[in-house]
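Position 1 is the first residue of the sequence; numbering continues from there.
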Amino acid sequence: MARNDFGDRGDSEFVDKLVHINRVAKVVKGGRRFGFAALVVVGDQKGRVGFGHGKAREVPEAIRKATETAKKGMIRIPLREGRTLHHDITGRHGAGKVLLRAAPPGTGIIAGGPMRAVFECIGVQDVVTKSQGSSNPYNMVRATFEALKNQVSPRTVAAKRGKKVAEIIGRRGRGKAAEKEAADAVEAAETADA
């Protein structure tokens with residue numbers, strides 16, 4: 001249920017996805033009065049994303065309110081190579097628990113409905129996710145956002161530790177080899193001194 005019809009309002013930079021609509025009924029003297037609640041995810045497909053919840057008597061009004069709320073609460077997510085996450089993370093909200101994993105190029109977005117909407121709006125192309133708790137769309141989206149807020153880039157970690165980005169990232173598979181080289185170098189130095 002995607003809505004990408006913002007061209008006429010001048011907000012074409014944002015993509016919004018309608019994740020869920022809930023219809024509720026209030027029983028009154030003359031019968032039932034229906035109301036609608038909408039959950040919408042909005043993003044610019046370049047790392048910024050937000051979600052919103054809106055309630056109204058009519059569906060379009062509920063969606064409009066949710067979209068406005070989503071735009072107000074947008075957060076920026078650091079992406080690796082502009083296509084995937086930097087590291088694996090888990091997030092939870094209420095009974096909703098999600099696991100998000102970085103993936104190699106060509107994997108695509110492997111995610112369930114509410115989480116898929118979030119990643120499409122962020123602009124992620126490769127990610128593997130698993131919902132391990134509640135399948136309630138509200139809790140799944142909130143758990144996904146909790147996980148994404150804990151996502152940190154190597155640049156941020158390097159700045160906090162006062163190191164270079166290369167020292168933080170390192171080379172894959174270099175850990176054990178580098179340790180062995182360092183141990184060999186120390187051993188060679190000790191034998192040379194003796």
Next on the checklist: For a quick test of reading the model, state the closest non-hydrogen atom pair linking P78 to S153 and the distance between them.
Outcome noted: CB-CB, 3.8 Å
Item to check | Least distance between heavy atoms, A143 atom then G96 atom | outcome: CB-O, 3.6 Å
Item to check | Between NZ on residue K97 and CD on residue E146, distance to nearest 0.5 Å | outcome: 14.5 Å
Checklist entry - T84 side chain to R80 main-chain N or O, any donor-acceptor pair under 3.5 Å? => result no
Item to check | Where Q151 and H86 come nearest, the two heavy atoms and their spacing | outcome: NE2-N, 2.5 Å
Item to check | Aromatic F36 / basic R23 pairing, under 6.0 angstrom, 45° off normal | outcome: no
Checklist entry - Does T107 offer a backbone N or O that forms a donor-acceptor pair with the side chain of D126 under 3.5 Å? => result yes
Checklist entry - Between A38 and A66, which heavy-atom pair has the shortest distance, and what is it? => result O-CB, 3.7 Å
Checklist entry - Mind checking whether H53 and Y138 have parallel, tilted or perpendicular rings, split at 30° and 60°? => result perpendicular
Item to check | Side chain proximity check, V40 to K17, heavy atoms < 4.5 angstrom | outcome: no
Item to check | T144 to M115 - nearest heavy-atom pair and separation | outcome: OG1-CG, 3.2 Å
Checklist entry - Would you call R64-E68 a salt bridge at under 4.0 Å N-O? => result yes
Checklist entry - So do the side chains of L148 and V118 get within less than 4.5 Å of each other, counting heavy atoms only? => result yes
Item to check | side-chain contact (heavy atoms from CB on, under 4.5 Å) between V127 and L85, intermediate numbers included | outcome: CA-CA 7 Å; V127 70; L85 304 172; 3.8 Å; yes
Item to check | Sequence-distant partners of D88, side-chain hydrogen bond (donor to acceptor under 3.5 Å, both in side chains), two or more places apart | outcome: R101
Checklist entry - side-chain contact (heavy atoms from CB on, under 4.5 Å) with E120: which of V41, V15, I109? => result I109
Item to check | Heavy-atom pair with the smallest gap, counting every atom of R32 and A25 | outcome: CD-CB, 3.9 Å
Checklist entry - Would you say the side chain of R92 lies within less than 4.5 Å of the side chain of R142, judging by non-hydrogen atoms? => result no
Next on the checklist: Measuring only between side-chain heavy atoms, which start at C-beta, is V98 closer than 4.5 Å to T90?
Outcome noted: no
Next on the checklist: Less than 4.5 Å apart, side chain to side chain, heavy atoms only: is that true for F14 and R48?
Outcome noted: yes
Checklist entry - So, the side chain of T67 versus the backbone of D16: is there a donor-acceptor pair under 3.5 Å, distance only? => result no
Next on the checklist: Taking L18 as the starting point, is it possible to reach M74 by hopping between hydrophobic residues whose side chains are less than 4.5 Å apart?
Outcome noted: yes
Checklist entry - Can you check whether L100 reaches V128 side chain to side chain, under 4.5 Å on heavy atoms? => result no
Checklist entry - Looking at side-chain heavy atoms only, is the closest gap between P114 and H20 below 4.5 Å? => result no
Next on the checklist: Quick check for you: to the nearest 0.5 Å, what is the distance between K164 atom NZ and R155 atom CZ?
Outcome noted: 15.5 Å
Item to check | Interatomic distance, Q125 atom CD to Q45 atom CD [nearest 0.5 angstrom] | outcome: 9.5 Å
Next on the checklist: I'd like to know if the side chain of N139 reaches the main chain of S135, judged simply by a donor and an acceptor atom lying under 3.5 Å from each other, with no hydrogens or angles considered.
Outcome noted: no
Checklist entry - Do the non-hydrogen side-chain atoms of L79 and I122 ever get within less than 4.5 Å of each other? => result yes
Checklist entry - Ignoring hydrogens and geometry, is there a side-chain-to-backbone donor-acceptor pair from T69 to K65 under 3.5 Å? => result yes
Checklist entry - Shared ILVMFWY cluster between I75 and F51, side chains joined below 4.5 angstrom? => result yes
